[in-house]
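The structure appears below as structure tokens.
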Protein chains: 4
Amino acid sequence: MARRYDPDRRQRLIEAAIRVVGEHGIDGLTHRRVAAEADVPLGSTTYHFASRDDLLHAALRQTGKEWLAGAELWERSIDPGVPFVDELVRLLQESLSGDRRRARLEYELYLAALRHHALRPQAAECLDGLATLLRRRTPDDATARALAALLDGLMLQFLLTDREAGSQEIRGMLTGILGAAQVVTPGR
Amino acid sequence: MARRYDPDRRQRLIEAAIRVVGEHGIDGLTHRRVAAEADVPLGSTTYHFASRDDLLHAALRQTGKEWLAGAELWERSIDPGVPFVDELVRLLQESLSGDRRRARLEYELYLAALRHHALRPQAAECLDGLATLLRRRTPDDATARALAALLDGLMLQFLLTDREAGSQEIRGMLTGILGAAQVVTPGR
Amino acid sequence: MARRYDPDRRQRLIEAAIRVVGEHGIDGLTHRRVAAEADVPLGSTTYHFASRDDLLHAALRQTGKEWLAGAELWERSIDPGVPFVDELVRLLQESLSGDRRRARLEYELYLAALRHHALRPQAAECLDGLATLLRRRTPDDATARALAALLDGLMLQFLLTDREAGSQEIRGMLTGILGAAQVVTPGR
Amino acid sequence: MARRYDPDRRQRLIEAAIRVVGEHGIDGLTHRRVAAEADVPLGSTTYHFASRDDLLHAALRQTGKEWLAGAELWERSIDPGVPFVDELVRLLQESLSGDRRRARLEYELYLAALRHHALRPQAAECLDGLATLLRRRTPDDATARALAALLDGLMLQFLLTDREAGSQEIRGMLTGILGAAQVVTPGR
DNA sequence: GATGAATGAGAATTCATTCAT
DNA sequence: TATGAATGAATTCTCATTCAT
């Protein structure tokens, strides 16, 4: 019954916490639910994570790391012979295909920094990590950061509206905006 | 004790709810706090808004409407003699200057749709409203929607990282991305 | 929309109240639910039935009356050529066949008199009504009342245990007890 | 403030719950009242009995056990030299003498199974327990169960109508019904 | 007469956290 | 070190009832 010696418990609790957020949202993250999800006594969760915020923190750190790892994988798999825009389309489409629960979960944790100051460094790290990756394909830092913002905005647009993310559609949006310099200032 | 007759109470409750979200976040939106904020009995809030979700709904509807009105104001004030990019810079800077609490509040409600299905139509309305406005300045729908996504992404980037939003910096990001068509696929 | 003139509303409310008790139990009988069930404004239920107890009262009065009417129908349909025990079996079986919700509802209201003094006269009326009917087939009042008790006890036994009420089984129980005089005092 | 260590608390809560039902009825069984009755903090009742149903369950289990123990005591005290009917009269009269609050309480909990499915096994256990006891004095199972039903019905009749339960009267009813085999089918 | 609004009380639950063991 | 028990605060929600219209 009682796992007297259980060195990975902390990690297992983090993973349980992430599943709990996925299921019940950030508001629904409680010691009790994590304990139940990890099949561990309640006291154990409060022992390893004294406060609810500690749990939240650890959850964001973990998903952020995993998400960034995924982005790096994408970056390393880029085919130089393929237009970069198409690689961006692939990134977005992969994130939005299948059930979107994972993407929603990641964004929910990431955006929680909007309110919780303590999470902002964590969120910034994700953002900067992506920008750094993108920087290898952009002429300057500003463009890389803007591209990161665009990707976030597009992801959210699909997640918020529940619209299908067809590759033609994504492609249209990306090419539209990326080549928009002349367009939006027609008077020029 | 209090007014037995109070025809505007419902609206006052909505405004109180928005202030509560601003102060305590969405998780902190409770009937009790709204009652206290609006100075009405607790039962009155549950009478007008049977569930917490009803309250949340009304709050998003209201801020969404106000935000869209602000965007329209901006659009109507656009000076055709000024490069459109600069008008976009102005929009972002105005939203991010001063204390950012209002912007955070609006985004928090807007992004709540990520988890709460019921709010998605509301969020989509905001998004589409902005895209419609922008459409007057873009060659096609896709570009308008992409531009809306970009603006969201940029707003979030500043809000999440707590970075200053200088007009030069914003300008750099916008011009970088808008003219990025050639750049990101240098080989072409 | 508003039924300005609606003379049968009181009766419709009673019937709605009975349905509510059937669905939610006596504890679940509330003005609100009755209003919803009868599709009538809340204020209308409190107007016609000032208190919850009034509603409960009316509901018991009505089901008691209907139940007694059913019993009388049974009594009048008794075939003199058939052993009376078989007619009792028929009565029980009919009450327990199909879904037992109606029977449960009637007993729930009837037994509420156990706690609510005010309902006792009503319950006594049902009991005495049945005893009076049975009296036509028993040698004296005491036997009639005892038979009424037996029938109640048997009904409850089947309702409480959820057991099937086969006619052979009921018959066995009835004949066992009715001829038990000699048996239970074997020494006599 | 109160005892941090209190090993019998659970049991004390059950007893408090039974007193609360006795005082306020099943509908009146609330965590709050139990807490007050047992003089423990509200949170303690919800800790030990997460839901109102758990409380109800425990209360019925306890009274059922006690009631059955009483019945066994009666059975063991039966005098073989006395007609069994008189022993039945004694059982009923003892249960109905003095204040009938205990009897009402027991029946209220027992009959709650009518609505609450989850309580039915508990109620069935009481019923079967009594039938088993009676079986030692009846020729077959059916008669034992019918006798149990008769006793229930008689108890309820007195409890519902508030009539005095004189021993002559009870005796008359019992002998009437037990010897009714010939009577109710006079034509036979 | 009829009714929508209002109100205050109280319901079940859930919880973070503390503490004795 | 780990943990079950305990606690007090807060949550949503439902309600009977009252009252102004």
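Proteins get letters first, then strands, A, B, ... in listed order; numbering begins at 1 in each.
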Nucleotide opposite [N] in a Watson-Crick or G-U pair, distances under 3.5 Å:
N	result
E:dT7	F:dA16
F:dT21	E:dA2
E:dT13	F:dA10

Heavy-atom nearest nucleotide on DNA chain F taken for A:Pro41 and for C:Asp53; more 5' hit belongs to A:Pro41
Which residue, C:Leu29 or A:Thr46, contacts DNA chain F at a nucleotide closer to its 5' end, judged by nearest heavy atom? A:Thr46
Hey, is the side chain of [X] poking within less than 4.0 Å of OP1 or OP2 on [N], counting only N and O atoms?
X	N	answer
B:His48	E:dA6	yes
C:Ser44	E:dT3	yes
A:Arg52	E:dT17	no
A:Tyr47	F:dT1	yes
D:Arg32	E:dA9	no
B:Ser51	F:dT12	no
B:Arg9	E:dT7	yes

What is the separation between atom [atom1] on [X] and atom [atom2] on [N], rounded to the nearest whole Å?
X	N	atom1	atom2	result
D:Phe49	E:dT14	CZ	P	16 Å
B:Asp39	E:dT7	CG	P	11 Å
C:His31	E:dA5	NE2	P	18 Å
A:Asp27	E:dA16	CG	C1'	15 Å
A:Leu42	F:dA2	CG	C1'	12 Å
B:Leu56	F:dT12	CG	P	12 Å

Using heavy atoms to find the nearest nucleotide of DNA chain E for A:Gly43 and D:Ala50 separately, return the residue whose nucleotide is more 5′. D:Ala50
Taking all non-hydrogen atoms of both residues, which atom of [X] and which atom of [Y] are closest, and how far apart?
X	Y	answer
C:Leu13	C:Phe49	CB-CE1, 3.8 Å
A:Arg52	A:Ile26	NH2-O, 2.8 Å
A:Thr161	B:Ala124	CG2-CB, 3.8 Å
D:Glu37	D:Ala16	CG-CB, 3.7 Å

Once you apply a heavy-atom cut-off of 4.0 Å, does [X] come out as touching a base, just sugar-phosphate, or nothing?
X	answer
A:Thr30	sugar-phosphate
C:Leu55	nothing
C:Arg33	sugar-phosphate

Is there a side-chain contact between D:Arg19 and D:His24, using heavy atoms and a 4.5 Å cut-off? no
With a cut-off of 3.5 Å and sequence neighbours excluded, list every side-chain donor-acceptor pair involving residues 111-123 of chain C.
unit_1: C:Arg115; atom_1: NE; unit_2: D:Glu108; atom_2: OE1; d: 2.8
unit_1: C:Arg115; atom_1: NE; unit_2: D:Glu108; atom_2: OE2; d: 3.1
unit_1: C:Arg115; atom_1: NH2; unit_2: D:Val21; atom_2: O; d: 3.0
unit_1: C:Arg115; atom_1: NH2; unit_2: D:Gly22; atom_2: O; d: 3.3
unit_1: C:Arg115; atom_1: NH2; unit_2: D:Glu108; atom_2: OE1; d: 2.9
unit_1: C:Arg120; atom_1: NE; unit_2: C:Ala113; atom_2: O; d: 2.8
unit_1: C:Arg120; atom_1: NH1; unit_2: D:Asp162; atom_2: OD1; d: 3.4
unit_1: C:Arg120; atom_1: NH1; unit_2: D:Asp162; atom_2: OD2; d: 2.8
unit_1: C:Arg120; atom_1: NH2; unit_2: C:Leu114; atom_2: O; d: 2.8

